[in-house]
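Below: the structure, in structure tokens.
All values derive from a computational prediction rather than experimental measurement. Residue numbering restarts at 1 for every chain, and letters A, B, ... go by the order of the sequence lines. Just the heavy atoms: all of them, side chains too, but no hydrogens, waters or symmetry mates, feed the values below.
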Amino acid sequence: MQPLLSEQEILRRQKREQLIGLGIEPYPAALYNFTHTAKQIKDSFPEEKPQETENGEENFDEFKEISLAGRLMTHRVQGSAAFAEIEDSTGRMQLYFRRDEICPDEDKTMYNTVFKKLLDIGDIIGVKGYIFRTNVGEITLRATEFTILTKSLHPLPIVKRVENEDGTVKTYDAFTDSEQRYRQRYLDMIVNPEVRDVFKKRSQLMGVMREYLNDKDYLEVETPILQPIYGGAAARPFKTHHNTLDMPLYLRIANELYLKRLIVGGYDGVYEFAKDFRNEGMSRFHNPEFTQIELYVAYKDYEWMMNLVEEMVEKIALKLHNSTEVKVGENTINFARPWKRYTMYEAIEHFTGVDISEMNEEEMRKTALQLNVPIDDTMGRGKLIDEIFGEHCEPKLIQPTFITDYPVEMSPLAKKHRTKEGLVERFEAVCNGKEICNAFSELNDPIDQRQRFEEQLELGKRGDDEAMVLDEDFLNALEYGMPPTAGLGIGIDRLSMIMTNQNSIQDVLFFPQMRPKAQPKYASQSDYTDLGIRTELIPIIQKLGFLTIEDLKEAIPSKLFNDMCGMRKKMKLKEVKNPTKEEVEGWLKK
RNA sequence: GAUUCCGUAGCUCAGCUGGUAGAGCACAACACUUUUAAUGUUGGGGUCCUGAGUUCGAACCUCAGCGGGAUCACCA
């Protein structure tokens, strides 16, 4: 069921028909071999002017038989010659057409009709020809032949970019409506090529990690997304149901407990790029489904893991930006090793001037109040520390910084600190005011782990709907013995945001979660004809805004009759006979 | 979930104190052989998000709803 088409959309459908009428297939089946991409040509075409040929044109042998394929983005017709630009996956290339070169024979249809009339911005074409440089110096393909590869039926948003003399690019009429950009990401990518670059960088980012970890002989694995017991994090899950087993299943909120089972099983290192799902609020930092990499390495501890994180993230910056420095908003962030390291207590002392390391819960509560940190009575010591840190430290940490040694209450899967009472061997890396990773020396004492889970169960009983659920099989695995292990989780989306200077998680996800747009059920041709409406009258009814049968049924017959006669005249449909009043009444009665 | 801003042509946006809708690009027609936001002339294109209310009259005011953005809350 199509909504009413715009003038331009109707026209493009007609052009498609006309192409077919001329014997030109608008969607040919055969492959199209192109010899180059736009970038390859621009990178390799020489700066220097060569010996000019007799007719005053440059002519390099190696740039003689060139073909390209891409989407037509602009055209400037000047009578019997024309300029156009196509964009392929690597960028744009200007094309130059001449009528007599496209149509060397008497028949000028290919130029006059197909090129000038039937081709639209957005169509995908292939071109053959040779490369030259225009008077103004732009590398251009002089087309001797072109092939329509795909006819586009929707007009494209037109974005114009002008390069100033100082090299800055000014954009006019940018396609910026975020709703349309996210709902129709393909359109966003067509007209905003820098969007494609963001996702390319995201892919490279994951590629660097994969390569780095594979070089260390760690194993990339896959673990269940559908889990009977969700665990490994504190969050509300999405719940679903398996019909054959007739049991509830949950989309994973983390994969931590499965990866640890694999360490128990004997691998030295395992990692997984995991889509996790959390049924919680959405914001520019939260999407219901998001990607984390989790890594577990046997016989290592969190100190060791910090060095790995530094090295790996530095490599990412170098790969994506050829520099350890990355501009993010107002800030320039330098990922060069080594990163600053604070214990949580040191960080709080550094930013507030208060040493809370020796305080009991009551003193800490007072301190929080003095520091204007919003607190409530349910908060224990661990939560208070976390709140103070979140309020006064985290937002100020712009350069990558490790924060170590967290309160045990907040970390039910981390090993107790080897020397510091009440703390665990955990670190987060904070960057641009946000956490980018979370890691610990993993808790492998099964008795301790059971106690921690039971404390979580208590929290759950007290109404914390995000407290962890006890996973008996995971404990069973630990009881067989898991070697000392360092574990790490990095939010791929958030790291991508920083590495690509994007302000919202939606800008690093191809298809961010959106509320579906309510689509009215548009009536089809047969829905109308079933009511006895003549086919030629349907456009008039649609034009009057009756796009669903429900709407039409509610119309007042005499008014509909009058409106239709008026609209028929306005649409200049002289050959269409007006309906009679009885005819109209007949439709609405059915 | 709360607060707030926004929704007008295919796109980007104007639209005064309420008086029947405007521009640029895109589209159509004509002209044009090195243009590049090509140019010149002419023309077509609108459910002003939806629904109700106030009014002689609503794109504009009021209320409700839908969708989106931002901030906050929640969220390891």
Side-chain angles (χ1 to χ4, degrees), chain A residues 3-12 14-15 56-57 73-85 92 94-101 116-117 120-122 132-138 140 142 153-164 169-183 187 191 232-236 253-254 278-286 288 290 374 382-383 386 389-390 394 406-407 409-414 426 428 435 437-438 440 465-466 468 489 491 503-504 506 514-518 520 542-547 551 572:
Chain A
L4 204 53
L5 296 174
S6 72
E7 187 192 24
Q8 293 191 41
E9 287 166 327
I10 292 166
L11 205 64
R12 286 185 179 223
Q14 288 168 356
K15 290 180 180 182
E57 276 154 6
M73 298 306 282
T74 168
H75 54 0
R76 302 177 280 276
V77 176
Q78 294 166 58
S80 61
F83 288 93
E85 285 171 34
R92 286 201 185 190
Q94 179 168 263
L95 314 174
Y96 181 57
F97 290 81
R98 275 192 179 184
R99 180 193 290 150
D100 294 338
E101 288 171 0
K116 275 169 73 172
K117 307 277 185 196
D120 284 301
I121 290 175
F132 75 112
R133 203 181 280 270
T134 63
N135 289 346
V136 206
E138 179 157 352
T140 300
R142 187 155 178 161
L153 298 182
H154 290 300
L156 234 41
I158 304 295
V159 181
K160 303 225 170 182
R161 290 182 178 78
V162 191
E163 198 170 335
N164 297 323
V169 175
K170 191 166 183 198
T171 304
Y172 296 83
D173 299 335
F175 177 63
T176 50
D177 183 285
S178 23
E179 183 172 357
Q180 291 193 76
R181 286 186 49 225
Y182 300 148
R183 285 192 197 280
L187 189 53
V191 300
R236 282 193 293 260
I253 57 174
R278 297 188 182 174
N279 204 342
E280 285 166 353
M282 292 163 64
S283 75
R284 72 188 180 91
F285 292 105
H286 300 86
F290 64 102
K383 188 75 183 161
D386 195 55
F389 177 77
E394 200 172 51
Y406 282 64
E409 297 93 322
M410 318 290 303
S411 316
L413 299 165
R426 169 177 172 184
E428 289 188 1
E435 168 203 339
C437 83
N438 183 17
F440 12 95
D465 53 2
E466 285 167 352
M468 290 186 187
N503 202 36
S504 168
Q506 297 177 106
M514 298 285 266
R515 199 183 288 270
K517 212 166 183 138
Q542 287 178 327
K543 192 76 184 172
L544 285 169
F546 297 105
L547 297 179
D551 284 353
K572 295 176 189 141

So does [X] reach the base of [N] with its side chain, donor to acceptor, closer than 3.5 Å?
X: A:Q78; N: B:U35; value: no
X: A:E179; N: B:G67; value: no
X: A:R142; N: B:U34; value: yes
X: A:Q94; N: B:U35; value: yes

Worksheet item: Hey, is the main chain of A:N438 close enough, under 3.5 Å, to the side chain of A:R426 for a donor-acceptor pair?
Response: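 No.
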For a quick test of reading the model: is some side-chain N or O of [X] closer than 4.0 Å to OP1 or OP2 of [N]?
X: A:R515; N: B:G68; answer: yes
X: A:R161; N: B:A37; answer: no
X: A:R76; N: B:U35; answer: no
X: A:S80; N: B:U33; answer: yes
X: A:R181; N: B:G68; answer: no
X: A:K15; N: B:A28; answer: yes

Worksheet item: Knowing that exactly one of A:R92, A:K160, A:R161 qualifies, which makes a salt bridge (Lys or Arg N to Asp or Glu O under 4.0 Å) with A:E85?
Response: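 Of A:R92, A:K160, A:R161, salt bridge (Lys or Arg N to Asp or Glu O under 4.0 Å) with A:E85 is met by A:R92 alone.
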Using a heavy-atom cut-off of 4.0 Å across all strands, would you classify [X] as base, sugar-phosphate, or nothing?
X: A:A174; answer: sugar-phosphate
X: A:K117; answer: sugar-phosphate
X: A:F175; answer: sugar-phosphate
X: A:D177; answer: sugar-phosphate
X: A:E435; answer: sugar-phosphate
X: A:Q14; answer: nothing

Discussion item. Closest-nucleotide mapping onto RNA chain B: is A:Q8 or A:K160 further toward the 5' terminus? I mean the 5' end.
Written reply: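 Per heavy-atom nearest nucleotide, the more 5' residue is A:Q8.
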Practice prompt. Please report the shortest heavy-atom distance between A:V159 and A:F175, naming the atom on each side.
Written response: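 Answer, listing the atom of A:V159 first, then A:F175: CG2-N, 3.7 Å.
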Practice prompt. Write down the atom of A:A82, the atom of A:V77, and the distance for their closest heavy-atom approach.
Written response: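 Residues A:A82 and A:V77, closest heavy atoms: CB-CA, 3.8 Å.
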Suppose you measure atom [atom1] in [N] against the same atom in [M]; what distance do you get, rounded to whole Å?
N: B:A21; M: B:C13; atom1: C1'; answer: 14 Å
N: B:A28; M: B:G44; atom1: P; answer: 16 Å
N: B:U4; M: B:C75; atom1: P; answer: 24 Å
N: B:A52; M: B:C30; atom1: P; answer: 45 Å

Watson-Crick or G-U wobble mate for [N], both contacts under 3.5 Å:
N: B:A73; result: none
N: B:A28; result: B:U42
N: B:G67; result: B:C6
N: B:A37; result: none

Worksheet item: Should the ring pair A:F132 and A:Y96 be called parallel, tilted or perpendicular, given that the plane angle runs from 0 to 90° and is split at 30 and 60?
Response: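 Plane angle between 30° and 60°, so tilted.
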